[in-house]
Trainee: 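Mind looking over this structure? Questions follow.
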Amino acid sequence: MRAAGHATRERILAAAKDEFTEYGFAGARLNRIAATARASKERLYSYFASKEELFEAVVAQWIADAPYRVPMTAEDVPGYVERVFDNFVADPRGARLQRWIELEQSGGLSDDHPLRRLFRAKLAEVRRGQEAGLIDPSWHPLDLLTLLTEIAQSMATGAGVISGIVGEARADDTRAQRRAAAAEAARRLVGF
């Protein structure tokens, strides 16, 4: 019976990730999640007391597998951006989920939220790199980390919004070229 319960919980989490990725927190509906997971809403509530708790579980699971788990060292910021790029390519839904978190939830994350802890560690590494002379100290660490993440994400998702708006992409655009461009941008930003 325990294995069946675990399978139901995993189906609920998978359906919830799809729902939150598609509609964000505000637009997600528990009845759709339950239906997709082939579970009743009552069963969903037996695992997750609220929509907020379910969202937190989805985010926690995503973080465990996602780009934020990529270690960052001041000695290899371009390599970090390449690894983040690779994770966004491997999980494009994760990139979209991150956008929803930024739009809807960033102010509501608890102080001890795993996402906050992971970013604080990366900020500490940027500061360490600045103190060691490995990273340009003129950057505010938060600005630099934001730019590095945005570069990796936008390049991984197809060179970003601008190419979609303009309706134009480079004829020779490949994933490897976008990855290399992201790493080069990171190298230039940190002053390597």
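In what follows, residues are counted from 1 in the order of the sequence shown. All values below were derived from every heavy atom in this structure, side-chain atoms included, with hydrogens, water molecules and symmetry-related copies excluded.
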Trainee: Can you name the nearest heavy-atom pair linking Ala185 to Ile151, along with the distance?
Mentor: CB-CD1, 3.9 Å

Trainee: With side-chain contact (heavy atoms from CB on, under 4.5 Å) as the criterion, how do Val77 and Leu134 come out once you've worked through the C-alpha distance, each side chain's angles and the decisive distance to 0.1 Å?
Mentor: CA-CA 10 Å; Val77 174; Leu134 299 170; over 6 Å; no

Trainee: Which distance, rounded to the nearest 0.5 Å, do you find between the CG of Leu144 and the CD of Gln130?
Mentor: 7.0 Å

Trainee: Could you report the tightest heavy-atom contact between Ala39 and Thr8, atom names first, then the distance?
Mentor: CB-CG2, 4.1 Å

Trainee: So does Thr174 get a backbone contact from the side chain of Gln177, meaning a donor-acceptor N/O pair under 3.5 Å?
Mentor: yes

Trainee: Test of understanding: with salt bridge (charged side-chain N to carboxylate O under 4.0 Å, His left out), list the residues that count as partners of Arg175, not counting sequence neighbours.
Mentor: none

Trainee: Can you list the steps and then say if Tyr80 with Lys122 is a side-chain contact (heavy atoms from CB on, under 4.5 Å)?
Mentor: CA-CA 11 Å; Tyr80 165 75; Lys122 292 177 191 313; 3.4 Å; yes

Trainee: Aromatic rings Phe20 and Phe55: how do their planes relate, parallel, tilted or perpendicular, breaks at 30° and 60°?
Mentor: perpendicular

Trainee: Does Arg38 form a side-chain contact (heavy atoms from CB on, under 4.5 Å) with Arg11? I'd like the steps, not just the answer.
Mentor: CA-CA 8 Å; Arg38 300 180 324 276; Arg11 284 195 320 271; 3.2 Å; yes

Trainee: Say you draw a straight line from CZ of Arg127 to CG of Leu145; how long is it, rounded to the nearest 0.5 Å?
Mentor: 10.0 Å

Trainee: Using a strict cut-off of less than 4.0 Å between a Lys/Arg side-chain nitrogen and an Asp/Glu carboxylate oxygen, indicate whether Arg187 and Asp76 qualify as a salt bridge.
Mentor: no

Trainee: Looking only at heavy atoms, which two atoms of Ile12 and Leu44 are closest? And how far apart?
Mentor: CD1-CA, 3.8 Å

Trainee: Say you draw a straight line from CD of Gln153 to CG of Leu148; how long is it, rounded to the nearest 0.5 Å?
Mentor: 13.0 Å

Trainee: For residues Val81 and Leu142: do they belong to one hydrophobic cluster (side chain heavy atoms under 4.5 Å, members Ile, Leu, Val, Met, Phe, Trp, Tyr)?
Mentor: yes

Trainee: Check salt bridge (charged side-chain N to carboxylate O under 4.0 Å, His left out) between Arg117 and all other residues, then give those that pass, not counting sequence neighbours.
Mentor: Asp112

Trainee: Kindly give the heavy-atom pair with the smallest separation between Ala57 and Leu13, and that separation in Å.
Mentor: CB-CD2, 3.8 Å

Trainee: Once rounded to the nearest 0.5 Å, what's the spacing between atom CG of Asp91 and atom OG1 of Thr21?
Mentor: 8.0 Å

Trainee: Is Arg32 positioned over the aromatic face of Tyr23, cation under 6.0 angstrom from the ring centre and no more than 45 degrees off axis?
Mentor: yes

Trainee: How far does CG of Leu123 sit from CE of Met72, to the nearest 0.5 angstrom?
Mentor: 8.5 Å

Trainee: Does Arg9 reach the main-chain N or O of Tyr47 with its side chain, forming a donor-acceptor pair under 3.5 Å?
Mentor: no

Trainee: Give me each pair satisfying side chain to side chain donor-acceptor pair (under 3.5 Å) with a member in residues 132-141, each pair once, sequence neighbours excluded.
Mentor: Asp136-Ser138

Trainee: So which heavy atom on Glu125 is nearest to which on Ala74, and how close?
Mentor: OE2-N, 2.7 Å

Trainee: Taking all atoms of both residues into account, what is the closest heavy-atom pair of Lys51 and Arg29, and its distance?
Mentor: NZ-NH1, 3.9 Å

Trainee: What distance separates Ile135 CD1 from Glu75 CD, expressed to the nearest 0.5 Å?
Mentor: 8.5 Å

Trainee: Looking at Glu184 and Arg179, is there a salt bridge between them, counting it only when a charged N and a carboxylate O are closer than 4.0 Å?
Mentor: no

Trainee: List the steps and the verdict of side-chain contact (heavy atoms from CB on, under 4.5 Å) for Glu56 and Gln61.
Mentor: CA-CA 9 Å; Glu56 288 288 322; Gln61 184 180 56; over 6 Å; no

